[in-house]
Amino acid sequence: MSTLEESPITERWPARFPDRIQLYSLATPNGVKVSIMLEETGLPYEAHRVDIMKNESHTPAFLSLNPNGKIPAIIDPHGPGDAPLALFESGAILQYLAEKSGRFISSDRAQYWQTIQ
Ligand SMILES: N[C@@H](CCC(=O)N[C@@H](CS)C(=O)NCC(=O)O)C(=O)O
C-alpha cells in the first residue's frame with residue numbers, strides 16, 4: 001500500500017483523521033479485542049463500522065484490505081519505516097499494537113512467548 005488515500009477502502013469508509021490508525025470493525029468477539037487494545041494503549045485511532053450482517057466485509061472495498069472478508073482489520077498510516085501498514089487477523093493486530101506502543105508485551109523472551117501464547 002502506497003498511501004491510505006489511495007486504498008480502495010477509503011471510498012466506502014473515508015478517513016476524517018488520516019494521520020490516525022484506521023480501524024475497520026464491529027462489536028463482535030474478535031472486533032472488540034482490537035478496540036480494547038487501542039483504548040488501553042491510548043494510540044490515536046479512527047473507527048469505521050463494517051456491518052458484517054449486511055455483508056459489507058465481502059464488498060470489493062473491504063476485500064482489498066482483507067481478502068478473507070473478515071473484521072477486524074487496520075491500516076496504520078505510520079507503520080514500520082513510517083510507511084502505511086495494512087493488517088488483518090486480530091492476534092496479529094494485537095501483537096503489532098503491543099509492539100508499537102511498548103505496552104502489554106515484555107522484552108524478556110520467555111514472558112514474550114507466554115504473552116503470544
Ligand atoms: N481469525 C480471525 C477471525 C475473524 C472473524 O471470524 N471475524 C468475524 C466476526 S467476529 C467476521 O468478520 N465474520 C464475517 C464473515 O465471515 O463474513 C481473527 O481473529 O481476526
Side-chain angles (χ1 to χ4, degrees):
M1 174 182 296
S2 41
T3 67
L4 173 66
E5 288 79 4
E6 286 169 10
S7 169
I9 200 148
T10 60
E11 291 166 19
R12 168 62 184 83
W13 292 278
R16 289 179 57 219
F17 304 100
D19 236 30
R20 302 180 186 175
I21 293 171
Q22 303 293 304
L23 169 66
Y24 306 89
S25 193
L26 193 71
T28 67
N30 286 305
V32 296
K33 288 186 216 169
V34 174
S35 301
I36 291 168
M37 186 64 162
L38 284 163
E39 286 293 324
E40 290 294 325
T41 56
L43 291 166
Y45 72 100
E46 177 177 1
H48 303 279
R49 186 176 195 274
V50 180
D51 192 343
I52 60 174
M53 309 310 278
K54 291 185 179 162
N55 267 334
E56 284 192 322
S57 61
H58 294 275
T59 56
F62 189 86
L63 291 171
S64 72
L65 178 56
N66 182 358
N68 295 333
K70 292 184 185 301
I71 58 101
I74 64 165
I75 299 175
D76 182 357
H78 302 289
D82 209 31
L85 178 73
L87 270 185
F88 54 85
E89 282 297 326
S90 57
I93 297 170
L94 293 183
Q95 193 173 343
Y96 175 72
L97 296 175
E99 292 196 8
K100 183 180 176 82
S101 64
R103 307 270 322 273
F104 305 112
I105 198 107
S106 176
S107 54
D108 175 272
R109 297 315 284 165
Q111 284 184 17
Y112 175 93
W113 283 111
Q114 281 172 348
T115 303
I116 297 301
Q117 174 184 253

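Because the structure is predicted, anything quoted here is derived from the model rather than measured. Note that ligands are numbered from 1 as they come in the structure, with each ligand's atoms numbered from 1 the same way. These numbers come from the heavy atoms of this one structure, side chains and all, not from hydrogens, waters or symmetry mates.
- For ligand 1, the atoms closer than 4.0 angstrom to any heavy atom of His58 are 15 (C), 17 (O).
- In terms of heavy-atom proximity, Gln22 sits nearest to His48 at OE1-NE2, 2.6 Å.
- A donor-acceptor pair shorter than 3.5 Å can be found between the side chains of Glu99 and Tyr112.
- At the top of the distance list for atom 2 (C) of ligand 1, counting protein heavy atoms only, stands Glu89 OE1, 3.3 Å.
- For atom 4 (C) of ligand 1, the closest heavy atom belonging to the protein is Ile71 O, 3.3 Å.
- Ranking protein heavy atoms by distance to atom 16 (O) of ligand 1, first place goes to Lys70 NZ, 2.7 Å.
- Less than 4.0 angstrom separates some heavy atom of Gly69 from each of these atoms of ligand 1: 15 (C), 17 (O).
- Scanning Val50, Val32, Asn30, Asn66 for the heavy atom closest to atom 3 (C) of ligand 1 points to Asn30.
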Q | side-chain contact (heavy atoms from CB on, under 4.5 Å) between Asp76 and Leu97, worked out | A | CA-CA 10 Å; Asp76 182 357; Leu97 296 175; over 6 Å; no

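- Atom 13 (N) of ligand 1 has Ile52 CD1, 3.9 Å as its closest protein atom, hydrogens excluded (heavy atom only).
- Of the protein's heavy atoms, Ser90 OG, 2.6 Å lies nearest to atom 19 (O) of ligand 1.
- Annotation for ligand 1: atoms under 4.0 Å from non-hydrogen atoms of Pro72 are 20 (O).
- Follow the hydrophobic side-chain contacts under 4.5 Å out from Leu65 and you never reach Leu23; the two are in separate clusters.
- The contact set between ligand 1 and Thr28, taken as ligand atoms under 4.0 Å from a residue heavy atom, comprises 9 (C), 10 (S).
- Between Glu46 and Pro18 the shortest heavy-atom distance is OE1-N, 4.5 Å.
- Closest approach of Lys33 and Pro29 over heavy atoms only: CG-O, 3.5 Å.
- A salt bridge does not link Glu56 with Arg49: every distance from a Lys NZ or Arg NE/NH1/NH2 to an Asp or Glu carboxylate oxygen is 4.0 Å or more.
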